Protein chains: 2
Amino acid sequence: MKKDSRLSSVLHALLHMAERDEPLTSDELALCMRTNPVVVRRTMGFLRDAGIVSSARGHAGGWAITADLKTVTLRQLHETLGEPAIFAIGNKQEMPECLVEQAVNAALDTAFAEAEALLLDRFAHVTLADLAEDFARRHRLRSQ
Amino acid sequence: MKKDSRLSSVLHALLHMAERDEPLTSDELALCMRTNPVVVRRTMGFLRDAGIVSSARGHAGGWAITADLKTVTLRQLHETLGEPAIFAIGNKQEMPECLVEQAVNAALDTAFAEAEALLLDRFAHVTLADLAEDFARRHRLRSQ
DNA sequence: TTTTCATGTAACTTCAATTATTACGAATCG
DNA sequence: CGATTCGTAATAATTGAAGTTACATGAAAA
């Protein structure tokens with residue numbers, strides 16, 4: 001399976017947008033994210049529908065952040081993107097009649113559920129402001 | 001991407017094999033696992049190479065468990081299958097020059113690493129014997 | 001020894017999901 | 001008006017697991 005990198009992509013885009021006050025066009029974002037403008041529009045559209053960013057057409061149009069960086073968490077972004085599947089591993093059948101397979105599913109489901117809960121909890125405690133701060137720190141380090 | 005269900009499949013196969021002392025053929029396993037005999041051979045081949053099962057050709061041939069159920073953990077099986085990717089979500093670029101993307105990757109990598117460590121730890125504490133016991137319990141419950 | 005059964009494997013196709021691309025419509029501003 | 005930019009439909013490319021076909025290899029039964 002190809003990995004879903006939309007969360008990574010929108011974070012990258014949002015932080016670049018946070019660095020600039022003017023709107024960034026899909027083409028500009030696509031260039032720095034090494035992807036396609038249409039992919040940018042498609043993905044950022046979810047965030048616009050959730051009120052995290054705004055989009056404007058025409059001259060001087062593009063994408064801008066409307067939400068407060070401190071209030072947007074990775075978990076919220078993950079939900080906004082439609083809560084894509086986290087795991088690349090899963091059960092062969094979800095609702096098997098076979099008791100053996102039920103026992104297997106139960107064991108795997110428990111482990112996956114715990115790992116997912118931990119991941120989402122970590123996501124819930126990281127905001128865009130945290131990432132922006134970490135970027136600023138890296139920037140200072142490199143500028144020395 | 002299609003989810004990798006090989007761990008689920010081999011667990012199902014192993015528990016069925018544990019229930020019977022005679023070897024099970026690839027065709028028999030494929031039937032109860034709703035898959036293809038060639039897929040069974042391909043996947044079980046990893047376990048044979050790791051000494052967990054044996055395979056025999058010809059009459060009365062097939063697959064049998066050689067390892068002690070108490071010593072085989074889900075983690076070991078996952079490793080035996082080549083440690084397939086656990087997550088369906090990932091970074092857009094693994095080694096970006098862009099400092100923004102480095103900050104994004106660092107945050108995501110930390111969260112994924114913690115979730116993976118938890119999952120593998122859970123896997124390490126579940127043995128085939130545990131699953132067999134859980135199956136027996138389910139069997140007793142349904143027989144009542 | 002011949003037949004039958006079963007694994008071992010290569011080669012190819014199918015499948016599922018993201019990502020990429022092309023094309024064009026719609027809105028906005030100079 | 002006309003250039004710019006988003007909105008979106010339709011389609012292809014990509015990636016890795018899973019499924020399928022075909023045939024060789026080896027072992028036990030007849």
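Owing to the predicted nature of the structure, the values given are computational and were not obtained by experimental measurement.
Using a 4.0 Å cut-off between charged side-chain N and carboxylate O, B/Arg20 and B/Glu28 make a salt bridge. For B/Glu101 and B/Lys92, the salt-bridge test fails: no basic side-chain N is under 4.0 Å from an acidic carboxylate O. In summary, B/Glu133 and B/Arg137 do not engage in a salt bridge, as defined by a charged side-chain N under 4.0 Å from a carboxylate O.
Straight-line distance from the CG atom of B/Leu29 to the C1' atom of C/dA6: 12 Å, rounded to whole Å. For A/Arg48 and D/dC6, the CZ to P distance is 10 Å, given to the nearest whole Å. Rounded to whole Å, atom P of D/dA17 lies 11 Å from atom CG of B/Leu81. With rounding to whole Å, A/Trp63 atom CH2 is found 14 Å from D/dT5 atom P. The CZ-P distance, from B/Arg6 to D/dG16, rounds to 12 Å in whole Å. Rounded to an integer number of Å, the gap from A/Asp27 CG to D/dA3 P is 17 Å. Rounded to whole Å, the distance from CZ on B/Phe87 to C1' on D/dG16 is 18 Å. One atom, CG of B/Leu7, and another, C1' of D/dA18, lie 16 Å apart when rounded to the nearest Å.
The shortest distance between the side-chain N/O atoms of B/Arg34 and the OP1/OP2 oxygens of D/dA18 is not below 4.0 Å. OP1 or OP2 of C/dT7 sits under 4.0 Å from a side-chain N or O of B/Arg41. Of the side-chain N and O atoms in A/Ser55, one or more sit less than 4.0 angstrom from OP1 or OP2 of D/dG7. Within the 4.0 Å cut-off from OP1 or OP2 of D/dA18, at least one side-chain nitrogen or oxygen of B/Ser5 is found. Side-chain nitrogen and oxygen atoms of A/Lys92 include at least one within less than 4.0 Å of the OP1 or OP2 phosphate oxygen of D/dG19. Phosphate proximity of C/dT7 to B/Ser26: present, with a side-chain N or O under 4.0 Å from OP1 or OP2.
Contact between B/Ile89 and A/Pro84 at its shortest, heavy atoms only, is CD1-O, 4.2 Å.
Nearest-nucleotide mapping onto DNA chain C: of B/Leu24 and B/Arg42, the residue sitting toward the 5' end is B/Leu24.
Between the side chain of B/His59 and the base of C/dT4, a donor-acceptor pair under 3.5 Å is found. In the interface, the side chain of A/Arg57 is not paired with the base of C/dT28 through any donor and acceptor atom under 3.5 Å apart.
Residue contacts shown for A/Asn36 include a base, since a base heavy atom lies under 4.0 Å away. At the heavy-atom level, A/Gly62 lies under 4.0 Å from the strands shown only through sugar-phosphate atoms. Within the 4.0 angstrom heavy-atom criterion, only backbone atoms of the sugar-phosphate kind lie near A/Ala56; the bases stay farther away.
For CG of B/Asp49, the number of neighbouring non-hydrogen atoms (other residues, nucleotides, ligands) closer than 6.0 Å is greater than 12.
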